[in-house]
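In listed order, ligands and their atoms are each counted from 1. Note that these values count all heavy atoms, side chains included, but never hydrogens, waters or copies made by symmetry.
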Amino acid sequence: MSLLMHTLHVDLGERSYPVYIGRDLLADSDLMAQHIRGIQVVLVSNDTVGPLYLDRVRAALGERTLITEVILPDGEQYKTLDTLSDIFDQVLARGHNRTTTFVAVGGGVVGDITGFAAACYQRGVDFIQVPTTLLAQVDSSVGGKTAVNHSLGKNMIGAFYQPRAVLIDTNTLQTLPRRELCAGLAEVVKYGLICDEPFYRWLQEQMPRLLAREEAALAEAIERSCTNKARVVAADEREGGIRAILNLGHTFGHAIETAQGYGQWLHGEAVAAGMVLAAELSASRGWIADSEVLALRELLSGIDLPIAPPADMSARQFMELMARDKKVMDGRLRLVLLRAIGEADIVDDVAQEELEALFAPSP
Ligand code: NAD
Ligand code: GLY
């Protein structure tokens, strides 16, 4: 029996949609039916998540529906144009028309690629996100960023394309590897830091319950994270400005991911270390207290997340990798810093000396 615990809305005019959070929602046939307009469905998952959950999603879709299942190989390395093309081959071979709804059941990789497939298939069909990692539940399934990777860059080919609904089934987190859960918690902490101090303080108290995967605590953390994300996305859907605050720690994090080779550090792990660097830089400007940096380190290490870059990464390497990011940003390095806990700011005036001081070995 499913249990709907929270419903919130992403307000984007005619592209608005609900985000449902609760237990066993992926098996809730009424909820599915409300958001599937035609009789045709393409279910996309991968070879790890599919065997765990697809039977139940299929049952919830009912017998009248033409269902095509597309099972992708598991892994970021398959988030490519080739995989996208394989999806289209299978869906076209089954004769799916424009009334088809794509349903993504999986983590951010499955969600991003399925969203992009839905954006492109016959110039755009409906899609529903059923995210099964914490990271996908609090971040990638909400907000409409869809993409595949290119050999020259991550998420370089994609579209802003909003789902019709997001069904977050908290039960799926019970099978998630602990390391993935912790990586998702880094993004949860991010929301507190950038725009919600009361949530951050709540996280400092409630983290043991989240690590123990207590249902009510997880549902609340997801709801508060998604509410914050929905607010930012509603204000700036296409990241012309404020949406960039969602990238706290990400510029440092990308440098770490690139230096280590993708797959060595999980994205959330690199973001955790990046958030500490951003907090340190904010403290060096006198914006937040050193005690807050210390408290952030404690919170993240309690989640078994890294709180410093890899030991073998030099300051110079950081500068070079971040300069590449800088090129992407029209010649100015933009960083998200903290004016206070719960208040992020996007700055483009970070001096070379500030960065050098940040990476200088402590005396
Ligand atoms: P992922 O999709 O690779 O999932 C991580 C691992 O967990 C995979 O092996 C997956 O098969 C497995 N898994 C998923 N759900 C499970 C479950 N319930 N039980 C057991 N195993 C499960 O990784 P992710 O962290 O979810 O997503 C990362 C991707 O998301 C990246 O490609 C990133 O670019 C993208 N992303 C997109 C956005 C956005 O706004 N669209 C935001 C952040 C990240
Ligand atoms: N994950 C960042 C964003 O959705 O903008």
Side-chain angles (χ1 to χ4, degrees), residues 10 26 44-54 56-57 71-80 83 104-116 119 129-150 153-163 166 168-188 190-191 194 213 218 225-226 228-251 253-254 257 262-263 265-271 336 346:
V10 184
L26 57 68
V44 185
S45 191
N46 71 21
D47 52 18
T48 302
V49 180
L52 291 171
Y53 296 110
L54 272 201
R56 299 171 64 214
V57 180
I71 304 298
L72 310 178
D74 187 358
E76 180 77 34
Q77 69 271 34
Y78 299 106
K79 193 177 149 184
T80 59
T83 304
V105 183
V109 169
V110 168
D112 276 15
I113 196 165
T114 306
F116 190 40
Q129 291 272 20
V130 184
T132 62
T133 62
L134 183 60
L135 180 135
Q137 295 180 348
V138 299
D139 191 357
S140 61
S141 67
V142 176
K145 280 189 181 176
T146 73
V148 294
N149 300 329
H150 187 276
K154 204 166 175 266
N155 294 327
M156 281 294 133
I157 316 288
F160 285 96
Y161 195 68
Q162 303 293 342
V166 182
I168 299 179
D169 185 333
T170 50
N171 248 3
T172 59
L173 298 180
Q174 299 302 328
T175 56
L176 192 67
R178 182 184 153 87
R179 192 174 165 199
E180 297 287 350
L181 181 83
C182 293
L185 284 169
E187 300 283 358
V188 171
K190 176 191 79 180
Y191 291 110
I194 59 173
R213 306 187 201 214
L218 284 171
S225 298
C226 289
N228 282 308
K229 175 137 194 194
R231 210 177 51 228
V232 174
V233 168
D236 178 23
E237 183 183 8
R238 287 176 168 254
E239 202 168 313
I242 189 73
R243 183 164 178 167
I245 66 169
L246 297 172
N247 297 331
L248 176 71
H250 284 56
T251 304
H254 287 155
E257 286 179 279
Y262 283 100
W265 281 43
L266 296 180
H267 176 69
E269 295 170 343
V271 166
V336 183
I346 303 157

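Looking at Val271 and His250, their side chains come closer than 4.5 Å, going by heavy atoms from C-beta outward. Proximity of Val232 to Leu246: side-chain heavy atoms (C-beta onward) are separated by under 4.5 Å at one or more points.
Of the residues listed (Thr175, Asn171, Thr172), the one engaging Tyr53 in a side-chain hydrogen bond (donor to acceptor under 3.5 Å, both in side chains) is Thr175, and it is the only one.
Using a distance-only test at 3.5 Å, with no hydrogens or angles considered, no donor-acceptor pair links the side chain of Arg213 to the main chain of Leu181. At distances below 3.5 Å, at least one donor-acceptor pair connects side-chain atoms of Glu269 with backbone N or O atoms of Leu266.
Separating the CG atom in Asp139 from the OH atom in Tyr191 is a distance of 4.0 Å, to the nearest 0.5 Å.
The two residues Thr80 and Ile113 have their closest heavy-atom pair at O-CD1, 3.9 Å.
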Table of N or O contacts for ligand 2, cutoff 3.5 Å:
| from | atom 1 | to | atom 2 | distance (Å) |
| --- | --- | --- | --- | --- |
| ligand 2 | 1 (N) | Asp139 | OD1 | 3.0 |
| ligand 2 | 1 (N) | Asp139 | OD2 | 3.4 |
| ligand 2 | 4 (O) | Lys229 | NZ | 2.5 |
| ligand 2 | 4 (O) | Arg243 | NH2 | 2.7 |
| ligand 2 | 5 (O) | Lys145 | NZ | 2.9 |
| ligand 2 | 5 (O) | Arg243 | NE | 2.7 |
| ligand 2 | 5 (O) | Arg243 | NH2 | 3.3 |

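Protein residues having at least one heavy atom under 4.0 Å from any atom of ligand 1 are Asn46, Thr48, Val49, Leu52, Tyr53, Asp74, Glu76, Lys79, Gly107, Gly108, Val109, Asp112, Thr132, Thr133, Leu135, Asp139, Ser140, Lys145, Lys154, Asn155, Thr172, Thr175, Leu176, Pro177, Glu180, Lys229, listed by chain and number.
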Donor-acceptor pairs under 3.5 Å, side chain of residues 129-136 to any protein atom, not counting sequence neighbours: which ones?
| from | atom 1 | to | atom 2 | distance (Å) |
| --- | --- | --- | --- | --- |
| Thr132 | OG1 | Gly106 | O | 3.4 |
| Thr133 | OG1 | Ala136 | N | 3.0 |

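The side chain to side chain donor-acceptor pair (under 3.5 Å) check on Asp169 picks up nothing, with sequence neighbours excluded.
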